[in-house]
2 protein chains.
Amino acid sequence: MVKHLDEKTDALPDHVGWRLWQASRAWQTEFAAAMRAAGHGWFTEARAGLLGHITRGGMRQSALIERSAISKQAIQQLLDGLEADGIVERLPDPQDGRGKLVRYTRKGLDALRDGDRVKIEIERRYIGRLGAERFTALMGALRALAAGQPAARDDKAGAEDQIVESN
Amino acid sequence: MVKHLDEKTDALPDHVGWRLWQASRAWQTEFAAAMRAAGHGWFTEARAGLLGHITRGGMRQSALIERSAISKQAIQQLLDGLEADGIVERLPDPQDGRGKLVRYTRKGLDALRDGDRVKIEIERRYIGRLGAERFTALMGALRALAAGQPAARDDKAGAEDQIVESN
DNA sequence: GGCTTGTAGTCAAGGTACTTGACTACTTAA
DNA sequence: TTAAGTAGTCAAGTACCTTGACTACAAGCC
């Protein structure tokens, strides 16, 4: 699929990496636009990536740090912003004086609900465009690729990350 | 595919958006690691995205700006860095006193060559993991999705971008 | 010629999303 | 009770983007 094009050709590339990137980007753009349309203007990609790791019941900040691929300082900065925007709140952990619990606010839970709805809508559109069979094949291939990856390589940004999950 | 999980579940999500992101990320990580291993330590994702738009024969900086989805100032900053690292060089355009030509240096062309090789290697591994049939189905589905997108939506970051193409 | 408008590129300042390093507060185990 | 580890914060710096304001040159018009 990686074609050798000669000197002056302007053709767009057509290798797996680009196609995956293109599709992923399109999904994210669609999702972010729908979230903004739903009134969640505070929504950004980085925040989505972090929120995806926070369970609906809330969790320790340290647990969040373990789950995410980024540094604890980066997480803290993102949480500072999310807290300032009223999406999450941080409470002292009664079990451990050092720890803090990160919990969704009402506003945050509303956003999660809308996020789920948007995901389903997008998926429905994809199935409409590709047909159920092709869509299933796509998901199967992507899952197979993910299963082949050892979850977290020597690199930090392994396969554990995500954009807005639905735990 | 978007499952509704109850309060405390920690299961990873399994919707198209996440799977696409995961696969795209894995590809990029693999590509970047291979490029670093090949001695191209200057390589970053943003630079790759820009380099992908520069034809092997070189081109006008203004043409590069038209092709890329980002601002001309951002492109200039990236080019400043690439020039400082000796990947590209900028020459005055003899045809137009305002313009500049962006051209690969020897070092830049070497990187492109290695990039093509790495892309082929990764693709080969993917085919090995999925089987030729499934891989073809994956590419077909991704292409169909891309074809369904109107190339550039109202949003700036449309479907025209890419990570290191092979023009 | 001179004048206006448009294009090519640069400079400056600001924001987001990260990084590493150094620190405080608390817990746990010897 | 003290040493060592864990949880979180503070500070400073980098990469990659943005918008706004600017200079230099080109091209069309009179």
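Each chain gets a letter, A, B and so on, in the order the sequences are listed, and its residues count up from 1.
- The side chain of B:Ser62 lies closest to C:dA8 when the candidates are D:dC16, D:dT9, C:dA8.
- When rounded to the nearest whole Å, the span between CG of A:Leu50 and P of C:dC18 equals 9 Å.
- Atom CG in B:Leu79 sits roughly 13 Å away from atom P in C:dC11 (whole-Å rounding).
- Between B:Trp27 and A:His15, the gap from one ring centroid to the other is short of 6.0 Å.
- For the pair A:Asp93 CG and C:dC26 C1', the interatomic distance rounds to 12 Å; values are reported in whole Å.
- Looking at which nucleotide of DNA chain C each of A:Ala74 and B:Ile65 is closest to, the 5′-most match is held by B:Ile65.
- A distance of 12.0 Å separates CG of B:Leu82 from CD of B:Gln77, quoted to the nearest 0.5 Å.
- Base contact: B:Gln76 has a heavy atom under 4.0 Å from a base atom.
- Rounding to whole angstrom units, NZ of residue A:Lys100 and P of D:dT6 are separated by 20 Å.
- If you check C:dG9, C:dC18, D:dC17 against the side chain of A:Ile70, the one that comes closest is C:dC18.
- Put simply, the side chain of A:Gln73 and the base of C:dC18 share no donor and acceptor less than 3.5 Å apart.
- Toward the 5′ end of DNA chain C lies the nearest nucleotide of A:Ile75, the other residue of the pair A:Ile75 and A:Gly97 mapping further downstream.
- Sequence order on DNA chain D of the closest nucleotides to A:Arg60 and B:Ala46 puts A:Arg60 first from the 5' end.
- Distance B:Asp96 CG to C:dT7 C1': 8 Å, rounded to the nearest Å.
- In this model, the phosphate group of D:dT9 is approached by a side-chain N or O of A:Arg90 to a distance below 4.0 Å at OP1 or OP2.
- Atom CG of A:Leu78 is separated from atom P of D:dG8 by 15 Å (rounded to the nearest Å).
- The base of D:dT9 has none of its N or O atoms less than 3.5 Å from a complementary donor or acceptor on the side chain of A:Gln77.
- Between A:Thr44 and the phosphate of C:dA17, there is a side-chain N or O to OP1/OP2 separation shorter than 4.0 Å.
- The distance between atom CG of A:Asp85 and atom P of C:dA17, rounded to the nearest whole Å, is 11 Å.
- Listed nucleotides: D:dC25, C:dA17, D:dT9. Nearest to the side chain of B:Arg98: D:dC25.
- In this model, no donor atom of one side chain and acceptor atom of the other lie less than 3.5 Å apart for B:Ser62 and B:Glu66.
- Look at NZ on B:Lys72: it is 8 Å from C1' on C:dT7, rounded to the nearest Å.
- Considering only side-chain N and O atoms, A:Ser71 lies nowhere under 4.0 angstrom from the phosphate OP1 or OP2 of C:dC18.
- Between B:Arg25 and B:Gln22, the side chains place no donor N or O within less than 3.5 Å of an acceptor N or O (distance only, hydrogens not considered).
- Of the candidates A:Lys119, A:Arg125, A:Arg36, A:Glu30 forms a salt bridge (Lys or Arg N to Asp or Glu O under 4.0 Å) with just one, namely A:Arg125.
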